[in-house]
Every structure is written in structure tokens, then in C-alpha cells.
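Data first, discussion second: the structure below is written as C-alpha cells.
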Amino acid sequence: MANYLDELNEVQKLAVQATQGPVMVIAGAGSGKTRVLTYRIAHLINNGVDAFNILALTFTNKAAREMKERIAKVVGESEAKSIWMGTFHSVFARILRVEAPRLGYPSNFTIYDQQDALSVMRKVIKDLQLDIDVYKPKTLLHRISQFKNNLITVRAYYNNPELMDADAAALKPKTGEVYQAYVERCFKSGAMDFDDLLLRTNEILTRFPEVLAKYQERFKYILVDEYQDTNHSQYLIVKALASRYENICVVGDDAQSIYAFRGANIRNILNFKKDYNDAQSFALEQNYRSTQNIVNAANNIIKNNRDQLEKNVWTANQEGNKIPVYRALTDADEARFITSKIFELKMNENFQEEDFAILYRTNAQSRALEEALRKKNIPYRIYGGISFFQRKEIKDLVSYLRLLVNKKDEEALLRIINYPKRGIGDSTIQKLLVYADEHHLSLFEVMENLNQHGPRLGVSSGVIKKLHDFTTMIQSFGVLLKNNNIYDLGLQIAKQSGLLNTLREDETPEGITRMENLQELLNSMQGYAEEQEQLEGGDPSLQGFLENIALATDADNENEDSNKVALMTVHLAKGLEFPVVFVAGLEENLFPSQMNLNTRQELEEERRLFYVALTRAEQQAFLTYSVSRARWGKIIDAEPSRFLEEIDDKFLDWVNPAPISTFNNSGLDESIFGGQPISHFERKRPKDFQKKKLNLSSKKDLKPLEKAKIQQGVSAHQELKVGQKVIHDRFGRGEVKALSGEPSNEKATILFETSGEKNLLLKFAKLRILN
DNA sequence: GTAGAGGGTCTTTTT
DNA sequence: GACCCTCTAC
């Protein structure tokens with residue numbers, strides 16, 4: 001147990017041993033960051049620091065859990081348990097359970113997720129009678145999130161002419177009113193959204209010095225992982241808590257800051273030394289994860305960014321293979337390539353499914369990949385997307401539970417008041433809402449006192465009865481809550497509310513899945529209760545369970561140790577590593593995203609994202625792009641990502657630069673650009689062509705021309721002649737027997753030596769001509 | 001009060 | 001192609 005220091009290199013060791021005062025660790029990709037954090041905490045404890053005085057903030061729940069396990073191995077289970085370790089959101093939610101009443105929130109406040117927040121926002125905009133096309137709920141929610149993350153409260157907003165002018169200029173002069181109404185509505189429901197968890201923590205630490213002092217004393221040693229991704233609100237919390245003892249250690253990598261859209265401020269890490277003059281800093285530069293080729297290629301990419309701290313990531317690992325770059329014709333083709341590579345590597349090199357990850361920029365890209373994986377019977381798991389707890393059937397049952405914990409939770413109530421159907425329709429609900437508002441009551445308070453309020457609602461006695469029945473049912477669940485564990489409670493609610501029956505009636509495959517999901521939720525309730533009961537200081541309560549799932553992410557779902565290919569966005573892959581990584585969809589407007597091309601900062605973030613993607617790979621990386629892709633249900637053209645050209649060709653292996661049957665897109669008027677036929681040249685010297693083309697693409701004004709070349713450059717008619725010998729990836733050698741079809745849809749009849757005669761669509765068949 | 005059809009919008013990433 | 005909203009018919 002004492003020899004953990006021997007497992008560290010010199011710099012790592014110094015970072016672990018510098019226990020006092022502010023410390024910054026800049027940790028390059030794969031440089032053993034987690035190891036340093038883990039051993040640093042262990043080292044603190046071994047040197048007499050009370051585990052109880054340590055606060056460690058991580059980016060995901062999973063990271064916290066894993067670190068805790070590793071620490072337990074060094075210092076023992078019971079010590080490790082006392083450390084406060086978790087995400088900002090979960091740690092401060094826990095603190096707010098105690099402290100939030102100071103701000104008028106109930107201690108059993110609900111945590112509104114994105115869906116809830118969106119739904120509140122829609123109602124707010126409707127209430128204020130604003131044009132929903134101008135006041136877009138999502139946009140406003142994002143704007144308000146920015147306000148909150150910068151500690152701009154409603155009042156601060158109204159005191160800030162610049163912000164108000166900006167919103168007025170954006171034709172949204174009522175933004176302040178929306179903000180205010182949104183905040184009030186959440187408050188009335190006893191609910192906090194994600195940003196509130198940080199904002200309200202800040203508010204409490206600022207307004208109540210005695211509370212601040214309490215937590216400063218408690219958290220004498222603070223560690224923050226992924227510091228480059230903290231936002232201003234998080235930054236201020238850390239700063240306040242650390243200001244007494246200044247035993248703060250931040251770990252991160254500016255090159256991996258990828259959450260600006262969520263308010264992350266890369267300046268926090270860039271300016272750490274200004275915040276703490278006497279800060280020691282350490283740079284971990286040796287990469288233990290990846291091959292030289294991967295590390296070098298990644299360095300090629302990131303050096304194009306202007307805003308960054310000096311560092312030189314290197315590795316002593318073996319050189320490794322070059323990184324294949326595959327040019328696909330369609331997204332399906334891309335998926336096919338990836339899956340066949342997986343298949344091949346599994347067969348030939350003894351890889352397991354779990355050794356592979358397929359990373360992409362947007363969740364929507366998973367579809368084509370899934371289809372291809374299913375076709376080849378390769379087990380996979382998708383991370384992210386719609387998480388389990390966001391599913392309708394799950395949220396329905398959870399809403400019953402939420403209402404039990406917090407009767408003011410309006411989102412929950414409105415979701416279930418008429419689901420399953422019990423004849424309480426929109427007009428009734430509207431009347432209830434208006435009445436509750438006028439009398440400053442919550443909806444449920446009105447419903448609990450129907451004797452008093454019922455006659456004044458202006459609804460029929462039949463409806464009153466229905467409302468009464470619903471209220472009685474909820475109250476009876478409240479009784480169950482007192483006498484049962486949460487699993488039994490959940491089961492009873494599912495039965496008595498009619499949810500279970502409604503789902504059972506639906507015998508479609510989707511319906512059956514929903515049923516299974518509900519069962520899964522109940523299982524997880526049981527699992528949670530059992531686990532927490534065994535845990536010292538555990539919280540087996542319903543409230544604890546709800547908080548847990550509100551802040552859970554998909555990646556946290558430790559779904560047994562199944563052997564599956566992982567599919568996820570690059571964002572989700574941060575902090576993970578895989579022997580073989582595919583980065584798919586390396587196309588302009590996709591990666592980098594078209595939304596992030598407006599400023600240098602945005603583009604640099606996309607570049608960091610690509611850097612993160614590539615550095616996930618240990619032994620082998622593959623990069624793929626497609627010249628056409630289905631988006632918005634339409635097929636659109638695509639050009640290779642500018643990031644590909646940023647990597648030196650000596651690290652890359654262009655797999656199939658120019659198949660003769662180029663995708664021929666008819667959407668663009670080819671006559672505009674004219675066209676010298678360049679196809680001949682392309683085919684003979686594919687690599688040069690690639691290079692040239694990519695270089696061209698960096699010059700903006702040449703883009704249209706370059707595009708035109710891709711589209712009409714290599715017409716199959718120019719290339720293919722009857723009698724020509726060709727080779728096909730799957731069918732092998734053959735001879736062209738006939739050509740037919742429109743220019744955009746040409747077909748060739750080819751007699752293959754082994755597979756017989758085939759009729760192939762040239763835009764999909766990858767043929768090479770044999771001379 | 002409900003169900004189903006049709007039409008418009010949207011997707012970049014997430015605690 | 002998914003989702004949400006609105007409209008229409010019962």
C-alpha cells in the first residue's frame with residue numbers, strides 16, 4: 001500500500017506530493033491524470049489529512065465512482081467513503097438539501113431536467129402571449145442558462161443595459177420578462193434546474209457567510225478534475241470554498257476543453273496562475289495511452305489552435321500503424337466499412353467487441369452505424385442520446401414519485417393528472433391553473449381542498465369527482481410511501497395508477513419494450529434501496545433515488561460487463577480510452593459543425609473536440625468521411641473535414657482516395673463551374689489528388705470549384721467502357737459487359753470471374769479499373 | 001374530451 | 001425522420 005509512489009513518473013510524483021497550497025496539473029491526453037488525482041488523494045490521507053475534509057469534484061458520476069474505488073484500494077474502504085466526491089451538480093444538490101430553505105426553497109426541491117425546463121419555458125411563452133417563432137423556447141432556455149452560469153439574476157439582468165439592448169436588438173425585448181416568469185414558475189414548483197444547483201449554491205455562499213465558513217472548514221482540501229470545463233458559476237464556488245485554506249488542486253487539459261456551449265470557460269484554467277500567485281504547476285506530457293502515430297497526428301491537429309498552454313505531449317510507446325482514412329460514398333458505406341473492419345480485427349487480431357469505440361459528432365449519426373452493426377450481428381451499445389430516464393414511460397412513473405416527494409412539482413402533476421386517461425381534460429386543467437394562480441396556491445393545494453375550492457372552479461360535479469378521485473389516489477400513495485420500501489411503492493403505483501394496464505394493452509414491439517423499461521425502472525429502484533441500505537450514511541429514501549436519477553447520465557449506467565462495441569458522441573468519450581477507435585463523419589459542416597464556424601474560438605473548440613476523439617485510441621485509430629450523407633431526411637453532399645488536412649500525410653493512410661464511380665450529385669448546376677475533366681489524373685495519382693484537393697479546400701474562394709470537381713469530375717461514362725476489366729471489393733475481378741442509365745444513376749453490367757453477372761449502381765459500387 | 005391526421009421545425013455537443 | 005403542435009371529426 002505504501003509503494004504507490006513507485007508507480008508514478010517523476011512529474012506525477014511531484015504533483016502528488018505537493019499537498020499544500022494551490023496546485024495546477026496540466027495533464028496531456030493519456031498522461032495518467034486519473035492516476036495522479038487518485039494517488040494524490042490517497043497520499044493526503046496517508047499523511048494525516050482527514051478524509052472527511054476532502055472534496056473532489058469530477059465531471060461525471062462515473063469518474064467519481066471509479067476514483068473512489070481506486071482510492072479505497074490504497075487507503076481502505078472506510079476512509080474512501082468519507083471523501084465527498086462527485087460532480088458539481090450532485091455534490092451541491094446534496095448541500096442544497098440542507099441549505100436551500102434559507103432561500104425559500106423546500107429541502108425536498110425537485111430537480112428539473114432539460115425536458116422539464118423546456119416544458120416550463122413553453123408554458124411561460126404561452127402565458128406571456130409571445131410569438132413562439134420569435135421567442136423560441138430552446139434558444140431562450142440557452143440564453144437564460146448563460147445568465148445563470150454567469151450569476152446574472154433577473155434583477156442583475158434588468159440592471160444591465162447591454163444585455164437588454166442585445167436582446168432588444170435580437171428582436172426579443174421581452175427576454176427579461178420571460179426570464180422572470182421562468183424563474184418564478186420554477187420557484188413556485190419548488191424546483192431547481194441544473195443551473196440553479198450552481199447559482200443557488202453561489203447565492204448561499206455569498207449571502208450567508210456562516211454557511212461559507214462552515215464549508216470552508218469542512219473542505220480543507222479541494223480537488224477539481226477537468227478544470228478546463230468549469231463554467232463561471234462553478235469557478236466561483238470553488239474559489240469561495242478554497243479561499244480560506246487555498247489547498248486547491250485543479251487538474252485538466254486546456255486542449256480538451258469542449259464544453260463552451262454549456263458555459264465552460266477555458267480562461268479558468270488559463271488564468272489559474274493569476275488567481276493564485278503562489279501556485280505550483282506541473283505538466284504531465286508523457287502519453288502512456290497511444291501509439292506514436294496517434295500522438296503525433298493529434299499534435300498536428302492541436303497546434304493549429306492559438307489559445308493554449310505550452311506543452312509537448314510525447315510517448316515512448318511503439319510507432320504503431322498509420323491511421324487509415326476512408327472515403328465513403330454514403331453514410332451507409334461508411335458504416336459498412338467500419339463494421340467490416342471491426343469484424344476483420346476481431347478475426348485476425350484477437351480483439352473483443354469491447355475494444356472498439358465508434359465516435360461521432362452528433363447523435364443522429366448513430367442510426368446508419370446501428371443498422372450496419374445489426375446486419376453483421378455485432379453487439380453494440382449506444383451511450384447518450386435519449387437516456388433511459390428520459391423515456392416517456394419512465395418519466396410517467398417517475399412523475400408520480402416526484403409528486404409524492406414534492407406536491408408543488410407542477411411539471412410532474414400536469415404530466416400525470418390525466419395519464420392514464422381519467423377524463424380530466426385541457427379545459428379543466430386551464431381552469432385549475434388560473435384559479436390556483438389567482439389564489440396563490442399550488443395546483444395540488446387546490447385539489448386537496450375541493451370542498452372549499454371546487455364549487456368556484458366552474459367545472460361540472462362529474463369533473464370535481466374525477467379530480468377528487470385523483471387526489472385521493474395520490475394521497476393514498478403518500479401513505480404507502482411511509483410504510484414501504486421504494487420498490488414496493490413503485491410497483492403499487494404502477495398498478496394502481498393504471499400505468500401498468502395501459503402499457504400492457506399495447507402489444508406492439510414498442511409497447512413491449514416500454515413495458516420492459518418500466519420493469520427495469522422498478523428493478524433499479526430495488527437495487528438502489530438495497531445498495532443504500534447497506535451503505536453507511538446511505539440514503540434509501542425516495543427523494544434520494546429521485547435525485548440520483550435526475551443527475552444520472554447514461555454513461556453512469558453500469559450495465560454489467562457486457563462485451564459490446566461502444567457508440568457515442570465525442571463529448572461523451574472524454575476521459576475514456578479504447579484499443580481501437582473509429583471517428584466517423586469527418587466532414588465539413590458536420591465535424592467541424594456548421595454551427596461552430598463563425599468565430600475562431602468556436603472553430604478551435606471543434607478542433608479540440610477532434611483532438612479528444614483521436615486521443616481516445618490506444619493502438620489503432622480509423623478516420624472516415626463520406627461524400628454524401630442523409631441529413632434532415634435528405635441526401636446532401638459533403639466535403640472532407642479541414643481537420644484531415646491538418647494531419648501530416650506521413651501519419652495517414654488514405655485507403656481509397658478516388659474510386660472511379662464518383663458520387664454524382666444532380667442538385668448542383670454543373671454548368672456554372674464548367675469542368676475540365678480531371679478524372680484521369682485523379683485516378684492515376686489518387687494520393688496527390690487527395691492532397692491537392694484538401695489544400696485547395698483551405699482557400700475559401702476555391703470551394704465551389706472544388707465541390708464541382710467532386711461532383712462531376714469522374715463520370716463513369718468517361719472511364720468505363722464495355723470490355724474493360726475491373727475489380728470490386730467484394731466480387732473480385734470482372735469484365736464490363738454493358739453500361740446503362742442516366743448520368744446520375746449509371747449502372748454497369750459486369751461479369752465477375754467468381755460471382756457471375758451483376759448489375760451494379762456505379763455510385764455505390766467501388767470499382768477499380770485494371771489496365 | 002379524445003384520437004388521429006397533417007404540417008411545421010429542428011439537431012451540435014450535456015450536467 | 002422525429003417531435004410537437006394544431007386542427008378536425010367524433
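So you know, we letter chains A, B, ... as the sequences are listed, proteins then strands, and number each from 1.
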Considering just the side-chain nitrogens and oxygens of [X], establish if one lies under 4.0 Å of OP1 or OP2 belonging to [N].
X	N	answer
Lys574(A)	dT13(B)	no
Asn418(A)	dT2(B)	yes
Thr569(A)	dT14(B)	yes
Thr428(A)	dG1(B)	yes
Lys126(A)	dC5(C)	no
Asn363(A)	dT13(B)	yes
Asn231(A)	dT15(B)	no

With a 4.0 Å cut-off on heavy atoms, is [X] in touch with a base, just the backbone sugar-phosphate, or nothing at all?
X	result
Arg122(A)	sugar-phosphate
Thr87(A)	sugar-phosphate
Ser90(A)	nothing
Asp133(A)	nothing
Phe88(A)	nothing

Distance-only donor-acceptor check, side chains [X] and [Y], under 3.5 Å:
X	Y	result
Gln228(A)	Asp254(A)	no
Ser233(A)	Asn149(A)	no
Tyr235(A)	Arg267(A)	no

Ring-face cation contact, Phe194(A) with Lys148(A), 6.0 Å cut, 45° max: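 No, Lys148(A) does not sit over the ring of Phe194(A).
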Considering all heavy atoms, the nearest Val178(A)-Met121(A) contact: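 Result for this residue pair: CG1-SD, 3.5 Å.
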Taking atom [atom2] of [N] as reference, at what distance in whole Å does atom [atom1] of [X] sit?
X	N	atom1	atom2	answer
Leu118(A)	dT15(B)	CG	P	17 Å
Tyr419(A)	dT2(B)	OH	C1'	14 Å
Tyr360(A)	dT13(B)	OH	P	10 Å
Ile132(A)	dT6(C)	CD1	C1'	12 Å
Glu605(A)	dT14(B)	CD	C1'	12 Å
Lys62(A)	dT14(B)	NZ	P	15 Å
Leu199(A)	dT15(B)	CG	C1'	15 Å
Gln365(A)	dG1(C)	CD	C1'	15 Å

What is the ring orientation for [X] with [Y], classed by angle as parallel under 30°, tilted 30 to 60°, or perpendicular over 60°?
X	Y	answer
Phe109(A)	Tyr105(A)	perpendicular
Phe545(A)	Phe389(A)	perpendicular
Tyr179(A)	Phe147(A)	tilted

Would you indicate which nucleotide in [options] comes nearest to any side-chain atom of [X]?
X	options	result
His571(A)	dT14(B), dT15(B), dT2(B)	dT14(B)
Arg367(A)	dA2(C), dT12(B), dT2(B)	dA2(C)
Lys136(A)	dT2(B), dT15(B), dC10(B)	dC10(B)
Phe194(A)	dT14(B), dT15(B), dT12(B)	dT15(B)
Asn596(A)	dT14(B), dT12(B), dT15(B)	dT12(B)

Phe261(A) ring over dT13(B) six-membered base ring, under 5.5 Å and 30°: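 According to the criterion (under 5.5 Å, under 30°), yes, Phe261(A) stacks.
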Contact list for residues 125-136 of chain A, test side-chain hydrogen bond (donor to acceptor under 3.5 Å, both in side chains), sequence neighbours left out: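 Pairs touching residues 125-136 of chain A that pass the test: Asp127(A)-Arg185(A).
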Residue met sooner reading DNA chain B from 5', once Leu198(A) and Arg422(A) are mapped to nucleotides: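 The residue whose closest nucleotide sits nearer the 5' end is Arg422(A).
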Pairwise 5' ranking along DNA chain B for Glu606(A) and Asp426(A), keeping only the more 5' one: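 Final value for this comparison: Asp426(A).
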Contact list for DNA chain B against residues 107-117 of chain A - heavy-atom distance below 4.0 Å: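 Gln114(A), in order of number.
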P-based separation of dT13(B) from dC4(C) [nearest Å]: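 Per the computed distance, 15 Å lies between those P atoms.
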